[in-house]
K.L.:
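Below: one structure in structure tokens.
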Amino acid sequence: MNSGLDIRERPSPNHDARGDVVAGTPRIDMLVLHYTGMQSGAAALDRLCDPAAKVSAHYVVEEDGAVWRLVPEERRAWHAGVSHWLGESGLNLVSIGVEIVNPGHEWGYRPFPEPQMTSVEALCRDIQARRRIPAHRVVGHSDIAPTRKSDPGELFDWPRLARAGIGLWPPPAPELRSRRGRGVGVVERAAALSDLARIGYQVEPGNEAPALTAFQRRYRPERWDGRLDGETAGRLAEVRQAVEAVQAAEEAAKRDRFRGYQRRVN
Ligand SMILES: [Zn+2]
């Protein structure tokens, strides 16, 4: 660890192997952020370490900025549950889970304090750099389980993390706001839902509204009603373009690494 963070150990028994270890190093290329949704940090830590609860995370960040390691990154923690992203399911297998202490919508949702965000930023930056996690694979729990989850929620400061190089949050074009109240036509609706899927959300008949709500909590947090208004459609196009730019850069970097490899072996 190179983050300058003082990480405390609080081992949880709730973890298992990351799939097929015979095949070599397990793939870890996703970062999932949560809020704990319990009345206190101590209660959350107890639950995440309780064998009967069968839940855990790799890290917990308290409101005062203290960071706990519960599960080694090489092991699979049990934080995401039934989850989908970019056509892949069961994302505990490939992700690192970070629980951020906050009472959540059930117990009095409140802003994440500065010392906590400083630690979240340092921890995520370190994980993302070590694991080479692509920006579009840094997600909230609600992004990958929108029908069940709403964490870390609309108060979480994604723009701040993006400014620090963590995850994806393209600044919205100012003119989009004027389209907030406006509905969209059939063609624009189809394009918007296609953008939603292209970004990574699972879009199926019947779950469009929860998926749109999750998208809005993250990228248009002023209103998350699950309605596809003109502003949301425009925002979807912006984020989809940002995802495509990241993927194109990834492909180019992969090609460069391969050429470097070829030069070394030839
Ligand atoms: Zn969660």
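Just so it is clear, the values below take in all heavy atoms, side chains as well, and ignore hydrogens, waters and symmetry mates. Both counts, for ligands and for their atoms, begin at 1 and track the order of listing. Sequence positions, counted from 1, serve as the residue numbers for this chain. Given the structure is predicted, the values throughout are model-derived calculations rather than measurements.
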K.L.:
Looking only at non-hydrogen atoms, find the nearest pair between Ser12 and Cys49 and report the distance.
P.N.:
OG-CA, 3.7 Å

K.L.:
Centre of Trp169's six-membered ring, under 6.0 Å away, within 45 degrees of the axis: is that where NZ or CZ of Arg220 sits?
P.N.:
no

K.L.:
Could you report the tightest heavy-atom contact between Met38 and Ala43, atom names first, then the distance?
P.N.:
CE-O, 3.8 Å

K.L.:
To the nearest 0.5 Å, how far apart are CZ in Arg198 and CZ in Arg240?
P.N.:
8.0 Å

K.L.:
For Gln216 versus Asp225, what's the shortest heavy-atom pair and its separation?
P.N.:
OE1-N, 3.1 Å

K.L.:
Is it the case that the ring center of Tyr109 lies less than 6.0 angstrom away from the ring center of Tyr35?
P.N.:
yes

K.L.:
At distances under 2.8 Å, what protein N, O or S atoms surround the Zn ion (ligand 1)?
P.N.:
His34 ND1, His141 ND1, Asp151 OD2

